[in-house]
Amino acid sequence: MSQEIPENMHEVVLKVQELNETRHGADVVTEEEVMKDAVHDTLQYWADYLLDGHYDDVLWDGEDLIIEDIMGKRVGRVKPMSATFANDYRQSPEGTLFRLENEANQIIAQR
């Protein structure tokens, strides 16, 4: 997977520090934002990988992630196991990222 996507809480903390150092007093980035980005980017990565290119878009719909095809049709929805994906990630980063890979496989395979 991409080196830009944090795969555990230690990497989340490091990314928060890195991003906040470069902002010089602008809006502070939180762990929750980095975890949400990691979840989104992971699902987008797997959708792109499985389709051999960027044809589908992963978008937030409240606390859910949806996948839209190139025509804008919703082809899949992924819900967090708990109240939010940030909570899921905090509880089990590896489990959450593995689940997203499986969800992407199922959504892409049914098309």
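Nothing here was measured: the structure is a model prediction, and the numbers come from that model.
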At what distance, to the nearest 0.5 angstrom, does CG of Asn20 lie from NZ of Lys15?
12.0 Å
Separation of Lys79 NZ from Asp64 CG (nearest 0.5 Å):
4.0 Å
Between Lys36 and Ala86, which heavy-atom pair has the shortest distance, and what is it?
CG-CB, 4.5 Å
Spacing of CD1 belonging to Ile5 relative to CD belonging to Gln44, to within rounding of 0.5 Å
9.5 Å
With sequence neighbours excluded, residues passing salt bridge (charged side-chain N to carboxylate O under 4.0 Å, His left out) with Asp61
Arg74, Arg77
Separation of Met81 CE from Thr96 OG1 (nearest 0.5 Å)
9.0 Å
Which residue pairs pass the side chain to side chain donor-acceptor pair (under 3.5 Å) test when at least one of the two sits in residues 101-111, sequence neighbours left out?
Asp56-Arg111
Here the pair of heavy atoms bringing Pro6 nearest to Leu97 is O-CD1, 4.0 Å
Taking Arg90 first and then Glu32, would you say they form a salt bridge - that is, a charged N and a carboxylate O separated by under 4.0 Å?
no
Asn8 and Tyr89: which non-hydrogen atoms are nearest, and at how many Å?
N-OH, 3.2 Å
Tell me the closest heavy-atom pair linking Ser82 and Asp88, and the distance in Å.
OG-OD1, 2.5 Å
Nearest 0.5 Å, what's the CG-CG distance between Leu65 and Leu43?
5.5 Å
Scanning both residues in full, the closest heavy-atom pair of Leu51 with Ile108 reads CD2-CG2, 3.8 Å
Only counting residues at least two apart or in another chain, list the ones meeting ring pair (Phe, Tyr, Trp, His ring centres under 6.0 Å) with Tyr49.
Trp46
